[in-house]
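Working notes, structure below.
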There are 2 protein chains.
Amino acid sequence: MIRVLVVDDHPVVRQGLRTFLDLQDDITVVGESADGASCVDDADRLRPDVILLDLRMPGADGVTALRGLRDNPARVLVVTSYTEPGAVLPAVRAGAAGYVYKDVDPPALAAAIRSVHAGHVLLHPDVARLLTEGDTHPGPAELTARERDVLAEVARGRSNREIARALSLSEKTVKTHVSSILGKLGVQDRTQAALHAVRTGLVDS
Amino acid sequence: MIRVLVVDDHPVVRQGLRTFLDLQDDITVVGESADGASCVDDADRLRPDVILLDLRMPGADGVTALRGLRDNPARVLVVTSYTEPGAVLPAVRAGAAGYVYKDVDPPALAAAIRSVHAGHVLLHPDVARLLTEGDTHPGPAELTARERDVLAEVARGRSNREIARALSLSEKTVKTHVSSILGKLGVQDRTQAALHAVRTGLVDS
DNA sequence: TCGTCCTTTGGACCTAGGTACACCTCCAGC
DNA sequence: GCTGGAGGTGTACCTAGGTCCAAAGGACGA
């Protein structure tokens, strides 16, 4: 029996996954978590074999949660809606055992859970391609804490001036942060950065 | 027995809703649709009492689907993730019988379906407040087809120049469109417009 | 203690984004 | 036939966004 922990911020999705997965003979859902922070505790307590993790969550994002789960023996299957290289690569590097899109049909998801539990690393073909392609040169380039603050504001549609006021900085400083954020994310402008942030779950809405 | 049609682009969510709702004594899911276009046909064919409609879908967005469903006697319960006035108001004006957030817990969702089926108009308190507040002056201000084209590009992070190339327009024209889009959506810049578009489901990712 | 990284600020500079106004064509409806 | 709206183009202009370079203080680990 494969013990599964479902992590998603939408109760409807959690309930749906639980109801469906419990119908499988060899899978049982031992718990649900609504966000990245609580899922680390839940994983310690419930000792699941596999964790279904939605990358896109408010508060602590999926990648942060993945890091918190490193000590846990559970295999993490990332279930998300997006194809962004910027989201996939850090997740896989942070220890995800699998990465599937949310638009898989449920039987395929059950199969993915079994594969991951069996020790396989499961990647969607597109994801695997991304990995092999951009493997060497670019590098992960993680954001600093301050840059994440700024990016969160950018992702809410704020202007540099507004961000400066909100964080008590000069507009120049904000520009510097934005500039290095763009560089690290590999995007051209703040709009792309905001979309990236939304996809990776850095901001709620 | 309340006949329900589930419309959502994620198979996992559809399956989840179906499994949960079928557990209710008085509710049966008679069908699922993956997008706004097919849901209109499905509704004609399956004659559901209530349609659960996700506003955020690729291709034909939720509001367009709502218009197509006007002739159908089914009551439409919009289930979505976002609070945006710009998404809520058009939906309600387009004939939604209810509007709940996706973060309702499943029992509350079942209750909402029963309420809507009983003829009630069901609005989340926040939504009702938005309605009564901004009722008179601003107006819905719908986008033209061309403006939606441009907005879709903006929401993919494209620059004006790239949009001009993609749509075979001059950059000036794109600017004009973007400008009127910003005015109609009531936002300040392209980043906010892009975020708005993502929230309302105009673009996939 | 030294080196490194993060954070902050500044100046100079260029470009993309956005506004305001005017003019054109095409097409549906009266 | 006229009218109005939508789409397209343009000019001029201003502002926000972004880059490059430089600098200084603080935290932290080797």
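Lettering of chains follows the sequences in order, A, B, ..., and the numbering in each one begins at 1. Here the structure is a predicted model, which is why all the values come from computation and not from measurement.
- Rounded to an integer number of Å, the gap from A:Lys172 NZ to D:dC21 P is 17 Å.
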As a quick check of understanding, evaluate side-chain contact (heavy atoms from CB on, under 4.5 Å) for B:Ile163 and B:Val154, giving each step before the final call. CA-CA 8 Å; B:Ile163 298 172; B:Val154 169; 3.7 Å; yes

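- Side-chain atoms of A:Thr191 and B:Thr191 include a donor-acceptor pair closer than 3.5 Å.
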Each nucleotide in nucleotides 23-30 of chain D should get exactly one letter: B, S or -. Can you fill that in based on protein heavy atoms under 4.0 Å? --------

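- A donor and an acceptor atom, one from each side chain of B:Gln188 and A:Ser159, are nowhere located under 3.5 Å apart.
- Taking CG of A:Leu52 as the start and CG of A:Asp8 as the end, the distance is 9.5 Å to the nearest 0.5 Å.
- Evaluation of the side-chain hydrogen bond (donor to acceptor under 3.5 Å, both in side chains) rule for A:Thr173 yields A:Ser170 as partners, not counting sequence neighbours.
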Dump every N/O contact between nucleotides 13-17 of chain D and the protein below 3.5 Å, one line per pair.
{"residue": "D:dA16", "atom": "OP2", "partner": "A:Arg161", "partner atom": "NH2", "Å": "3.1"}
{"residue": "D:dG17", "atom": "OP2", "partner": "A:Asn160", "partner atom": "N", "Å": "3.3"}
{"residue": "D:dG17", "atom": "N7", "partner": "A:Lys175", "partner atom": "NZ", "Å": "3.2"}

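- Counting heavy-atom neighbours within 6.0 Å of A:Arg161 CZ, excluding the residue itself, gives a total of 12 or less.
- Applying the side-chain hydrogen bond (donor to acceptor under 3.5 Å, both in side chains) rule to B:Asp44 yields the partners B:Asn72; only residues at least two apart in sequence or on another chain are considered.
- Among residues two or more places apart in sequence or in another chain, the side-chain hydrogen bond (donor to acceptor under 3.5 Å, both in side chains) test is passed with A:Arg18 by A:Glu32.
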What protein N or O atoms touch nucleotides 4-8 of chain C N or O atoms at under 3.5 angstrom, if any, and at what distances?
{"residue": "C:dT7", "atom": "OP1", "partner": "A:Arg146", "partner atom": "N", "Å": "3.1"}
{"residue": "C:dT7", "atom": "OP2", "partner": "A:Thr144", "partner atom": "OG1", "Å": "2.3"}
{"residue": "C:dT8", "atom": "OP1", "partner": "A:Arg146", "partner atom": "NE", "Å": "2.9"}
{"residue": "C:dT8", "atom": "OP1", "partner": "A:Arg146", "partner atom": "NH2", "Å": "2.9"}
{"residue": "C:dT8", "atom": "OP2", "partner": "A:Arg146", "partner atom": "NE", "Å": "2.8"}
{"residue": "C:dT8", "atom": "OP2", "partner": "A:His177", "partner atom": "NE2", "Å": "3.0"}

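- Of the listed residues (A:Arg190, A:Arg148, A:Arg158), just one forms a salt bridge (Lys or Arg N to Asp or Glu O under 4.0 Å) with A:Glu153, and that residue is A:Arg158.
- Looking at A:Ile27, A:Thr28, A:Val30 one by one, the single match for side chain to side chain contact (heavy atoms under 4.5 Å, CB included) with A:Met1 turns out to be A:Thr28.
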